[in-house]
Amino acid sequence: MKEAQDRDLSLNALINAILLRYVTYYKTIERNGKVVVSRKSFQFILNNLDESLLLDSLKKNEFNLSNFISLSKGQIEFENFVNYALEGVGVTGGIIRDFDIYKDKQGYTNILLIHGYDIKWSKIIGNTITDLIKEIFHYNSQCTFYSSSLIIRIFEKSI
Amino acid sequence: MVTQFNSTGPENSGPLGQSRSARRKTMITLSLETDILEELKTDALKERTSLSTLVTATLSKHVLLNRFAKDVDGIFITNNTFKAIVDDIEENSLEDDFTRNALDFIPTIFYSKNIPFTLQNLIKYALSSAAIDGGIYNHFHHYVDEAGLVNLVMRHNFGLKWSRILGNGHVKLIENMLNLKSTLTALPSSVVIKVNTNSANKIQAHSES
């Protein structure tokens, strides 16, 4: 009740939001087993861990394709991918803080991902997500990395 | 879709104030999005539980862990990724990081919830609940052995290196928070920490002399 008041939401809206996060993300990671790592510890891990090892593990585990297929009930659509990878694993799982999707002047879809770590993390999540987009939708894309954000430009106008 | 649920009582009756079974329950009526409700019904059926139990468990987990993880900017990683991290990073560095976090995180929760620093409370609020929810081990139990030592047993799937890190971190936490001496036995899938509850006075007497 207090949280709903603090967030200026009705209790009903808050509970719907919590249950939505459960069905789109938490239940999957609960099933696979999870560890919650604090922000400081994760930055320590990033500083000390081999980049390719983390990239491989993220692709295989966090962004697991069969989880995506299961959650989207076999409907391999870009919107479902956004719900799964960006809203669920990304924002709810803490991998990113926020994201935005927009079309540029050439009509290509751009995904802006914002996170709280460093450029190494920008590269890891950027490469993970572009690989997934290529694998699932066969779209080519290009990343631009910044210190706490990145932009993925997808060379496809039909999205 | 309007649905009625038994939910946990007001927050100030406390997720930390009472055991899960003793907590007061309140009947509430919710209007849930149809897609969410259908998904929850399917999950409840799969888990052989009622819809009400599943919703209550999900809301409890939100209050006890997920909301807190979000507040502190925590990140959820799978067990497989965590195992890869433990295997790859040098042990002393990882142990330093774990211990530094434990020595900050757990006393902070105790101070913020006004929980007295006792071994019983450490077991109740940290070792048998928050640590399991946080995933650093998946099973915990404790008992008093023949020598009168309190044995804390933590089981996990992350290997011997993690047992040593977990054990050494907790030995330091127990000494720092409770002024109690403990020893550990590390095994590949568990760690046992033996706490000497009579050691507080000795430590104090030693430091005074």
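If you're wondering where the values come from, they're calculated on a predicted model, not measured in any experiment. The sequence lines fix the lettering, A, B, ..., with proteins before strands; numbering per chain opens at 1.
Ionic pairing of B:E39 and A:K73 is present here: one or more N-O contacts between side-chain nitrogen and carboxylate oxygen are shorter than 4.0 angstrom. Taking a cutoff of 4.0 Å between a charged side-chain nitrogen and a carboxylate oxygen, B:D97 and A:K40 do not qualify as a salt bridge.
Taking chain B as the reference chain and counting heavy-atom pairs below 4.5 Å, the highest number among A:S41, A:A13, A:S38 is found for A:S41. Between chain A and the residues B:I89, B:D43, B:I77, the most heavy-atom pairs under 4.5 angstrom are made by B:I77. Highest contact tally toward chain A, considering only B:T58, B:N101, B:N79, is held by B:N79 [criterion: heavy-atom pairs under 4.5 Å]. Counting heavy-atom pairs closer than 4.5 Å to chain B, the top-ranked of the candidates A:T92, A:N32, A:I18 is A:I18. Residue with the most contacts toward chain B among A:L54, A:I29, A:L58: A:I29 (heavy-atom pairs, distance under 4.5 Å).
Between the OG1 atom in A:T28 and the CZ atom in B:F76 there is a gap of 12.5 Å [rounded to 0.5 Å]. Taken from CD1 in B:I28 to CG in A:L11, the straight-line distance is 5.5 Å, to the nearest 0.5 Å. In this structure, OG on B:S93 lies 11.0 Å from CG on A:N47, to the nearest 0.5 angstrom. Rounding to the nearest 0.5 Å places CD1 of B:I75 at 8.0 Å from CG of A:L46. Rounded to the nearest 0.5 angstrom, B:K83 NZ and A:N61 CG are separated by 12.5 Å. We find the CZ-CG distance between A:F44 and B:D96 to be 7.5 Å, quoted to the nearest 0.5 Å.
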Take B:L94 and A:N48, measure what side chain to side chain contact (heavy atoms under 4.5 Å, CB included) needs, and give me the verdict at the end.
CA-CA 9 Å; B:L94 201 53; A:N48 288 276; over 6 Å; no

Working note: A:K27 + B:L40, criterion side chain to side chain contact (heavy atoms under 4.5 Å, CB included); need CA distance, chi angles, decisive distance, verdict.
CA-CA 10 Å; A:K27 73 171 181 181; B:L40 290 168; over 6 Å; no

Please step through side chain to side chain contact (heavy atoms under 4.5 Å, CB included) for the pair A:Y22 and B:L54, ending with a clear verdict.
CA-CA 10 Å; A:Y22 165 79; B:L54 178 64; 3.5 Å; yes

Which is it for A:Y25 and B:N66 under the side chain to side chain contact (heavy atoms under 4.5 Å, CB included) test, yes or no, and what are the steps along the way?
CA-CA 12 Å; A:Y25 176 69; B:N66 299 340; over 6 Å; no

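Annotation: B:E90, atom CD; neighbour count of heavy atoms from other residues, nucleotides and ligands within 6.0 Å is above 12. Counting heavy atoms of neighbouring residues, nucleotides and ligands inside a 6.0 Å radius, atom CD of A:E79 does not exceed 12 of them. Dense packing is recorded around CG of B:D145, with more than 12 heavy atoms of other residues, nucleotides or ligands lying under 6.0 Å away. Atom CG of A:D104 has more than 12 heavy atoms from other residues, nucleotides or ligands within 6.0 Å. Atom OH of B:Y111 has 12 or fewer heavy atoms from other residues, nucleotides or ligands within 6.0 Å.
Side-chain atoms of A:N12 come within 3.5 Å of backbone atoms of B:S31 as a donor-acceptor pair (strictly under, hydrogens ignored). When atom types are taken as modelled, the side chain of B:N80 and the backbone of A:S57 share no donor-acceptor pair closer than 3.5 angstrom.
Between B:T81 and A:V35 the shortest side-chain heavy-atom distance does not fall below 4.5 Å.
Heavy-atom minimum distance, A:D50 versus B:D88: N-OD2, 3.7 Å. Residues A:V36 and B:A69 approach most closely at CG1-CB, 3.8 Å, considering heavy atoms. B:A84 and A:L53 make their closest contact through CB-CD2, 3.8 Å (heavy atoms, listed as atom of the first residue, atom of the second, distance).
Checking A:E62, A:K60, A:K34 one by one against B:T78, the side-chain contact (heavy atoms from CB on, under 4.5 Å) holds for a single residue, A:E62.
Interface remark: B:Y137 contributes no atoms to any contact with chain A (heavy atom separation under 4.5 Å). No part of B:D87 comes within reach of chain A, as not one of its non-hydrogen atoms sits under 4.5 angstrom from that chain.
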